[in-house]
Amino acid sequence: MIMIAGDMKINLAHRDEAVKAMIAMNTASQAEVGCITYEFSADLEAADTFHLFEIWENEEVLAAHGQTPPMATFREVMGRVRVSSNIKRYRAESL
């Protein structure tokens, strides 16, 4: 399994646009073959910060996810509204 986890800061002037893009990305990603978990969450103390947590079955389905039209749209929006991000990829085994 592949896990993706991290956070991103957005320009607060564009928070509504960012949230809309995250909701669309979340919905589309959860419907993809090989997606086990895909979730955004808002930080409880910092209105400009969101957290991302994903689990994918393998590298192949994650690579396919990166090529989807919803991902292209998400990248375009986040390129305009994101200030910074710290997102990492991990390999995991189920117990």
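For the atom pair CG (Leu62) and CD (Glu59), the distance works out to 6.0 Å, reported to the nearest 0.5 Å. Atom-to-atom distance recorded for Arg82:CZ and His14:NE2 is 13.5 Å, nearest 0.5 angstrom. The distance from the CE atom of Met22 to the CD atom of Glu39 is 13.0 Å, given to the nearest 0.5 Å. In this structure, CE on Met78 lies 13.0 Å from OG1 on Thr73, to the nearest 0.5 angstrom. Once rounded to the nearest 0.5 Å, the distance linking CD1 of Ile2 with CG of Asn58 reads 7.5 Å.
Of the possible polar contacts, none joining the Ser29 side chain to the Asn26 backbone as a donor-acceptor pair under 3.5 Å is found. Of the possible polar contacts, none joining the Arg91 side chain to the Met3 backbone as a donor-acceptor pair under 3.5 Å is found.
For Asp16, the side-chain contact (heavy atoms from CB on, under 4.5 Å) criterion is met by no residue, not counting sequence neighbours. Glu17 is linked by a salt bridge (charged side-chain N to carboxylate O under 4.0 Å, His left out) to Arg80, counting only residues two or more places apart in sequence or in another chain.
Between Ile36 and Glu57, the closest side-chain pair of non-hydrogen atoms falls below 4.5 Å. At a threshold of 4.5 Å between non-hydrogen side-chain atoms, the residues Met8 and His51 do not count as touching.
The minimum heavy-atom distance linking Val77 with Ala21 is given by the pair CG1-CB, 3.7 Å. Across every non-hydrogen atom of Ala47 and Arg15, the tightest pair is O-NE, 2.9 Å.
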Margin query: Show, in sequence, the C-alpha distance, side-chain angles and deciding distance for Thr68 and Met71, and conclude whether the side-chain contact (heavy atoms from CB on, under 4.5 Å) test is met.
Written below: CA-CA 5 Å; Thr68 63; Met71 179 57 86; 3.4 Å; yes
Checklist line | Verdict with reasoning, Leu52 to Ile87, per side-chain contact (heavy atoms from CB on, under 4.5 Å) | finding: CA-CA 8 Å; Leu52 171 64; Ile87 299 173; 4.2 Å; yes
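Between Trp56 and Tyr38, the angle of the ring planes goes over 60°, which puts this pair in the perpendicular group of the 30/60° scheme.
Of the listed residues (Phe74, Phe50, Phe53), just one forms a ring pair (Phe, Tyr, Trp, His ring centres under 6.0 Å) with Phe40, and that residue is Phe74.
When hydrophobic clusters are built by joining Ile, Leu, Val, Met, Phe, Trp and Tyr residues whose side-chain heavy atoms come closer than 4.5 Å, directly or via intermediates, Val81 is grouped together with Val19.
Applying the ring-ring contact (aromatic ring centres under 6.0 Å, His included) rule to pairs touching residues 15-36 yields nothing, sequence neighbours excluded.
Between the side chains of Lys9 and Thr49, at least one donor N or O sits under 3.5 Å from an acceptor N or O.
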